[in-house]
Amino acid sequence: RVRLPVLERTELFQRSIGELTDIVEKEMYTFTDRNEESMTLRPEATAGVVRAALTNGLLHNQQQKLWCSGPMFRREKPQKGRYRQFHQLSIEALGFAEPELDAGLIVISARLWRELGIRSVTLEMNSLGTAEARGGYKRALVEYFSRHRADLDEDSLRRLERNPMRILDSKNPHMRAIVAGAPLLADHLDAESREHVARVQKYLGDAGVAFTLNPRLVRGLDYYSRTVFEWVTDRLGAQGAVCSGGRYDGLVAQLGGRDTPAVGWALGIE
């Protein structure tokens, strides 16, 4: 178990989650403290786990399997299953590149549903490939969405050049038809990522965990790569995802550490 501070420097979340995500742009509780430093109530745990691992030397020639739980904070519209202070359970495996870990963490979540007697959840997954593969995909998205510029909302126009994949995560119902016609990331995946996700799917099949492939699943945080997944339900209205995660192989290096593969998920306790 690792315990994280509720307050972190704002730049941690800007650098990890992504400045053009809904979380950073619209939902974080951020303020300036007495030392004129920008501080934020944590909106999620993964960035804090990586920061803590780097700060305390936990990744120096080591692999770590960590878990944490506690309150998170996002200034969202309160509704069924979604609150401005909510609680998450997170598990993170740092230093593991093998697809067995992706599948293993998903199997843990499937076992949780079984232990809790929850049957109304289904698993969706996708692969985001490597940063290089996403570079080609982003260029294809810019070309596509530029042809529909007149129909894009303000958020999408702002994200078009800097992070067009965030447009795919738009919550605006008027954007659905445009997003539905966008190019698919699967057509731009590198061979290694195809092999990786195929092995994850094989292991899930061996473990008896059913899933569906969702080529539009991109997740609302920028640090993900390769495997991404969500357990979703139709019992909570607008809030469909109850457990989400994936691989974030570039995040440790992004926050100042060595190149370190990692994978994890977070589950909404409410």
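Atoms considered below: every heavy atom in the structure, side chains included; atoms not considered: hydrogens, waters and symmetry mates. Numbering of residues begins at 1 and proceeds along the displayed sequence.
- With a 6.0 Å radius and a threshold of 12 heavy atoms from other residues, nucleotides or ligands, Q63 has its CD atom above the threshold.
- A distance-only check finds no donor-acceptor pair linking the side chain of S156 to the backbone of L152 [under 3.5 Å].
- Contact between R258 and N61 at its shortest, heavy atoms only, is NH1-OD1, 4.3 Å.
- For the residue pair R216 and P183, the shortest heavy atom distance occurs at NH1-O, 3.3 Å.
- Counted within 6.0 Å of CZ on R111, heavy atoms from surrounding residues, nucleotides or ligands total 12 or fewer; the atom is thus considered open.
- If you chain together hydrophobic residues whose side chains sit under 4.5 Å apart, V232 and V107 never meet in one group.
- Judged by distance alone, the side chains of E76 and Y83 never bring a donor and an acceptor atom under 3.5 Å apart.
- Residues L141 and L184 are members of separate hydrophobic clusters, defined by side-chain heavy-atom contacts under 4.5 angstrom among Ile, Leu, Val, Met, Phe, Trp and Tyr.
- When side chains are defined from C-beta on, S225 counts as touching R134, because their heavy atoms get closer than 4.5 Å.
- When only modelled atom types and interatomic distance are considered, D151 and H174 share no side-chain donor-acceptor pair under 3.5 Å.
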R84 vs R74, side-chain contact (heavy atoms from CB on, under 4.5 Å): CA-CA, chis, key distance, verdict: CA-CA 5 Å; R84 290 180 173 179; R74 297 184 194 177; over 6 Å; no
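- Rounding to the nearest 0.5 Å places CG of N126 at 9.5 Å from OG1 of T227.
- Counting heavy atoms of neighbouring residues, nucleotides and ligands inside a 6.0 Å radius, atom CZ of R194 exceeds 12 of them.
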Candidate pair S90 and E44, rule side-chain contact (heavy atoms from CB on, under 4.5 Å), full reasoning: CA-CA 9 Å; S90 300; E44 62 98 44; over 6 Å; no
Verdict with supporting geometry, F96 and D102, side-chain contact (heavy atoms from CB on, under 4.5 Å): CA-CA 9 Å; F96 299 88; D102 306 36; over 6 Å; no
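- Counting only distance, with no hydrogens or angles, the side chain of T233 and the backbone of S120 share a donor-acceptor pair below 3.5 Å.
- Across all non-hydrogen atoms, the minimal contact from L204 to A103 is CD2-O, 3.9 Å.
- With contacts defined as side-chain heavy-atom distances shorter than 4.5 Å, the pair T40/Y29 does not qualify.
- With contacts defined as side-chain heavy-atom distances shorter than 4.5 Å, the pair M28/F73 does not qualify.
- The CG atom of L112 sits 8.0 Å away from atom CD1 of I108, with the distance rounded to the nearest 0.5 Å.
- Under a hydrophobic clustering in which Ile, Leu, Val, Met, Phe, Trp and Tyr are joined whenever their side-chain heavy atoms come within less than 4.5 Å, directly or via other members, V49 and L41 fall into different clusters.
- To the nearest 0.5 angstrom, Q64 atom CD is 7.0 Å from L94 atom CG.
- Counting non-hydrogen atoms of other residues, nucleotides and ligands closer than 6.0 Å to CZ of R3 gives a total of 12 or fewer.
- Considering only heavy atoms from C-beta on, Y223 comes within 4.5 Å of T46 through its side chain.
- For the residue pair D33 and N35, the shortest heavy atom distance occurs at OD1-N, 3.0 Å.
- For the pair P43 and I17, the minimum side-chain heavy-atom distance is below 4.5 Å.
- A distance-only check finds no donor-acceptor pair linking the side chain of E154 to the backbone of L157 [under 3.5 Å].
- Side-chain atoms of T260 do not come within 3.5 Å of backbone N or O of G95 as any donor-acceptor pair.
- For the atom pair NE2 of H196 and OG1 of T130, the computed distance is 12.0 Å after rounding to the nearest 0.5 Å.
- For E270 (side chain) and H87 (main-chain N/O), a donor-acceptor pair under 3.5 Å exists by modelled atom type.
- If you chain together hydrophobic residues whose side chains sit under 4.5 Å apart, Y203 and F229 never meet in one group.
- With hydrogens and angles left out, the side-chain atoms of Q88 and S69 include no donor and acceptor closer than 3.5 Å.
- Residues V209 and V263 share a hydrophobic cluster, clusters being chains of Ile/Leu/Val/Met/Phe/Trp/Tyr side chains in contact below 4.5 Å.
- Contact check on R158 versus E25 returns a salt bridge, with a Lys/Arg side-chain nitrogen under 4.0 Å from an Asp/Glu carboxylate oxygen.
- Counting non-hydrogen atoms of other residues, nucleotides and ligands closer than 6.0 Å to CD of E143 gives a total of 12 or fewer.
- Checked for salt-bridge contact, R166 and D155 miss the test: no charged N lies under 4.0 Å from a carboxylate O.
- In this structure a side-chain-to-backbone donor-acceptor pair under 3.5 Å is missing from W265 to G246.
- Checked by atom type and distance alone, the side chain of D249 pairs as donor or acceptor with a backbone atom of A262 at under 3.5 Å.
- The shortest non-hydrogen separation linking A47 to L255 is O-CD1, 4.2 Å.
- A salt bridge between E98 and R199 is absent, with no side-chain N of the basic residue lying under 4.0 Å from a carboxylate O of the acidic one.
- At a cut-off of 3.5 Å, with distance as the only test, a side-chain donor of S109 or W231 sits close to an acceptor on the other residue.
- Side-chain contact between Q201 and L213 is present, with at least one heavy-atom pair separated by less than 4.5 Å.
- Here the side chain of Y144 pairs a donor or acceptor atom with the backbone of I178 at under 3.5 angstrom.
- In this structure, the separation between CD on E27 and CE on M72 is 14.5 Å, given to the nearest 0.5 Å.
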Candidate pair N172 and D153, rule side-chain hydrogen bond (donor to acceptor under 3.5 Å, both in side chains), full reasoning: CA-CA 8 Å; N172 185 346; D153 60 16; 3.0 Å; yes
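- Here K202 pairs with D206 in a salt bridge; the nearest charged N to carboxylate O distance falls below 4.0 Å.
- Contact annotation: the side chain of V218 never approaches that of V228 to less than 4.5 Å [non-hydrogen atoms, C-beta and beyond].
- Remark: the backbone N or O of L58 is not paired with any side-chain donor or acceptor of N56 at under 3.5 angstrom.
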Intermediate values then yes/no, side-chain contact (heavy atoms from CB on, under 4.5 Å), L267 and W113: CA-CA 11 Å; L267 177 153; W113 308 134; 3.6 Å; yes
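- Contact detail for G256 and R15: the closest heavy-atom pair is N-NH2, 4.2 Å.
- A donor-acceptor pair shorter than 3.5 Å can be found between the side chains of S193 and R226.
- Put simply, the side chain of Q62 gets close to the backbone of G57: a donor and an acceptor are under 3.5 Å apart.
- For the atom pair CG of D190 and OG of S127, the computed distance is 7.5 Å after rounding to the nearest 0.5 Å.
- Looking at heavy atoms from C-beta onward, L160 lies in side-chain contact with I167 at the 4.5 angstrom threshold.
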